[in-house]
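Here's the structure we're looking at; comments come further down.
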Amino acid sequence: VQLQASGGGLVQTGGSLRLSCAASGRTFNSYTLGWFRQAPGKEREFVARIIWSGGSTYYTDSVKGRFTISRDVAKNMLYLQMNSLKPEDTAVYFCAAAIGIQGYTSNAYRYWGQGTLVTVSS
């Protein structure tokens, strides 16, 4: 499994960005795909996840109502639409894949992309 994240950049507070993650190497019908982030000096934290088959989503509380995770099954693409961005959203964002139905525990995710930096200026 290969994951390639892109779409990060510099944005002002209140702005929007859409992250993309190209997934390849197998079909993902029995996988959960997610987004995690790691801010400078902090632990990596869960952001959102989607069950590839069916599309069920789950978010961490701090992004609910602002971020939307989605996927394009035909293109094997994972997305994270981020609106109303705040300085505390500044982090390197990673896409990850886990076998089966998984939640927010990073240890459950076996495959990781290289990360894309999101910087939100105040």
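All of these numbers come straight from a predicted model, not from anything done at the bench. Note that these values count all heavy atoms, side chains included, but never hydrogens, waters or copies made by symmetry.
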Legend entry - Side-chain donor or acceptor of R37 paired with backbone N/O of V47 under 3.5 Å: no

Legend entry - ILVMFWY network linking I101 to V73, side-chain heavy atoms under 4.5 angstrom: no

Legend entry - Side chains of Y31 and Y111 in contact at under 4.5 Å (non-hydrogen atoms): yes

Legend entry - Hydrophobic cluster (4.5 angstrom, side-chain heavy atoms) - remaining members for Y58: F36, F46, V92, F94, Y104, Y109, W112, L117

Inset, instruction - Mind checking the CG-OG spacing from L78 to S70? Nearest 0.5 Å is all I need. - result: 7.0 Å

Legend entry - Path from Y93 to M77 over hydrophobic side-chain contacts below 4.5 Å: no

Inset, instruction - Without swapping roles, check the side chain of T32 against the backbone of G100 for a donor-acceptor pair under 3.5 Å. - result: yes

Legend entry - Working for side chain to side chain contact (heavy atoms under 4.5 Å, CB included), residues F28 and V1: CA-CA 9 Å; F28 292 93; V1 173; 3.8 Å; yes

Legend entry - ILVMFWY network linking L17 to L10, side-chain heavy atoms under 4.5 angstrom: no

Legend entry - Side chain T119, main chain T90, donor-acceptor under 3.5 Å: no

Legend entry - Criterion side-chain contact (heavy atoms from CB on, under 4.5 Å) against M82, the qualifying member of T68, D89, V118: V118

Legend entry - Between NZ on residue K86 and OG on residue S122, distance to nearest 0.5 Å: 14.0 Å

Inset, instruction - Measure the CG-SG distance between L3 and C95 for me, rounded to the nearest 0.5 Å. - result: 4.5 Å

Inset, instruction - Keeping the roles fixed (side chain from Q114, backbone from A5), state whether a donor-acceptor pair exists under 3.5 Å. - result: yes

Inset, instruction - Could you state whether V63 and I51 fall into the same hydrophobic cluster, counting links through intermediate Ile, Leu, Val, Met, Phe, Trp or Tyr residues with side-chain heavy atoms under 4.5 angstrom apart? - result: no

Legend entry - Side chain Y59, main chain R66, donor-acceptor under 3.5 Å: no

Inset, instruction - Indicate, with yes or no, if Y79 and L33 share a hydrophobic cluster defined by side-chain heavy-atom contacts under 4.5 Å among Ile, Leu, Val, Met, Phe, Trp and Tyr. - result: no

Inset, instruction - With rounding to the nearest 0.5 Å, note down the distance linking CZ in R18 to OG in S6. - result: 9.0 Å

Inset, instruction - Answer yes or no: is there a donor N or O on one side and an acceptor on the other, between the side chain of T13 and the main chain of S121, under 3.5 Å? - result: yes

Legend entry - Gap between atom CD of Q102 and atom CG of N107 - 0.5 Å precision: 10.5 Å

Legend entry - Over all atoms of both residues, closest heavy-atom pair of Q81 and S16: NE2-CB, 4.0 Å

Inset, instruction - Would you mind reporting whether E45 and S106 have side-chain heavy atoms less than 4.5 Å apart? - result: no

Inset, instruction - Please report the C-alpha distance between R49 and S56 in whole Å, then the side-chain angles of each, then the deciding distance to 0.1 Å, and finally whether the side chain to side chain contact (heavy atoms under 4.5 Å, CB included) criterion is met. - result: CA-CA 8 Å; R49 73 96 169 104; S56 174; 3.9 Å; yes

Legend entry - Atom of L80, atom of A48 and distance for their closest heavy-atom approach: CD1-CB, 4.4 Å

Inset, instruction - Can you establish whether the number of heavy atoms outside K64 located under 6.0 Å from its atom NZ is more than 12? - result: yes

Inset, instruction - Measure across W35 and I69 and return the closest heavy-atom pair with its distance rounded to 0.1 Å. - result: CD1-CD1, 3.6 Å

